[in-house]
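Just so we're on the same page: letters track the sequence lines, and every chain starts at 1.
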There are 2 protein chains.
Amino acid sequence: MAADALSRVFSALADPTRRDIVARLAVADATVNELAEPYDVTVQAISKHLRVLEDAGLVSRSREAQRRPVHLEAEVFDLMTRWIERYRRQAEERYRRLDDVLRAMPDDVDPTPPAQTGAPA
Amino acid sequence: MAADALSRVFSALADPTRRDIVARLAVADATVNELAEPYDVTVQAISKHLRVLEDAGLVSRSREAQRRPVHLEAEVFDLMTRWIERYRRQAEERYRRLDDVLRAMPDDVDPTPPAQTGAPA
DNA sequence: CCTGTAGTCAACCATGTGGTTGAATACGGT
DNA sequence: ACCGTATTCAACCACATGGTTGACTACAGG
């Protein structure tokens, strides 16, 4: 437990049932019983899933009579997309750069530190 | 055991060490020992992490003498971003629509039944 | 051929997680 | 006040996961 935010979000979405719940909540808020209905698990199990999603900041639950309408909080998605995009871009960038290096092959004046080619002193 | 691809990817990235490995691989390919060096866990533990990343399709390992250079496969990221974007967009869309409904609300008398297009008689 | 280096496999342990059942709590309706 | 409905809490179980140690395989090179 007590992992960082990003871990909690990724972890929360690593479960198919929870992803499905998120998908359904994207359409409309719902109560725990409504959410539990389609699956053949107990409502308690769904309650636990919702707790996980809530801890990840993916959903919020408000009180409305004895019902607890569950609401999707889509902002957290940004946390993930930012992380993903960052490294994907970096990987692409690197790919492109490698391409350039292979294409050019000059005397270099390359700012890449680990360029320890068996260069003469 | 996280049968589907999406679950495996999310699950793989739910671990901080594995995310860190991905981050480092975005910069450059690396061997298992190189990857293990910064962390104070055994190289076997890292080997296991790499297996998880590989099963998720996030990295690939090639054979090169006795070394196994690990390479980031960034395409899988798309799988996640597509999923995320889909539901975020849906949630935003719905949010916008709800806004319209609230804005059009005459007085109160909230109807329990779903989306009655405000047809004020 | 033998040794050192890189990596994986296997067995094991502690803890986390998804599921269950059963009891408790919080309200609304009558 | 009481009952039923909605939801959570608690204890428990099976199994996955991250970590360990120790043995094993694969290969380069003296």
Spacing between [X] atom [atom1] and [N] atom [atom2], to the nearest angstrom:
| X | N | atom1 | atom2 | value |
| --- | --- | --- | --- | --- |
| Asp15(B) | dT17(D) | CG | C1' | 10 Å |
| Arg61(A) | dC27(C) | CZ | C1' | 17 Å |
| Ile21(A) | dT7(D) | CD1 | P | 13 Å |
| Arg68(A) | dC27(C) | CZ | P | 9 Å |
| Arg67(B) | dG29(D) | CZ | C1' | 12 Å |
| Leu13(A) | dT17(C) | CG | C1' | 16 Å |
| Ile46(A) | dT21(C) | CD1 | C1' | 16 Å |
| Glu37(B) | dG7(C) | CD | C1' | 17 Å |

With the side chain of [X] defined as its heavy atoms from C-beta on, choose the nearest nucleotide among [options].
| X | options | value |
| --- | --- | --- |
| His49(A) | dT21(C), dG19(C), dG18(D) | dG19(C) |
| Val43(B) | dT8(C), dT7(D), dG19(C) | dT8(C) |
| Asn33(B) | dG7(C), dG18(D), dT8(C) | dG7(C) |
| Val32(A) | dA6(D), dA11(C), dT8(D) | dT8(D) |
| Arg18(A) | dG18(C), dA11(C), dT8(C) | dG18(C) |

Classify the side chain of Gln44(A) and the base of dG18(C) as holding, or not holding, a donor-acceptor pair under 3.5 Å. no

Arg63(A) near the nucleic acid: base, sugar-phosphate alone, or nothing, with a heavy-atom cut-off under 4.0 Å?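 Answer is sugar-phosphate: Arg63(A) comes under 4.0 Å of backbone atoms only.
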
With the threshold set at 4.0 Å, does a side-chain nitrogen-carboxylate oxygen contact exist between Arg89(B) and Glu92(B)? no

Less than 4.0 angstrom from a charged side-chain N to a carboxylate O is my criterion; do Arg88(B) and Glu85(B) meet it?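 Salt bridge between Arg88(B) and Glu85(B), a charged N being under 4.0 Å from a carboxylate O: yes.
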
Using modelled atom types and a 3.5 Å cut-off, is there a donor and acceptor pairing between side-chain atoms of Arg67(A) and backbone atoms of Asn33(A)?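 Flag not set: sc Arg67(A) to bb Asn33(A) has no pair under 3.5 Å.
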
Under 3.5 Å: donor-acceptor pair, side chain of Arg18(A), backbone of Leu53(A):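 Not a single qualifying donor-acceptor pair exists.
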
Look at the rings of Phe10(B) and Phe10(A) and say which category their plane angle falls in: under 30° parallel, 30 to 60° tilted, over 60° perpendicular. tilted

First of Thr17(B) and Leu50(A) reached from the 5' end of DNA chain D, by closest nucleotide: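 This one resolves to Leu50(A).
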
Ser47(A) vs dT8(D): side-chain N/O to OP1/OP2 distance below 4.0 Å: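 Yes, such a contact exists.
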
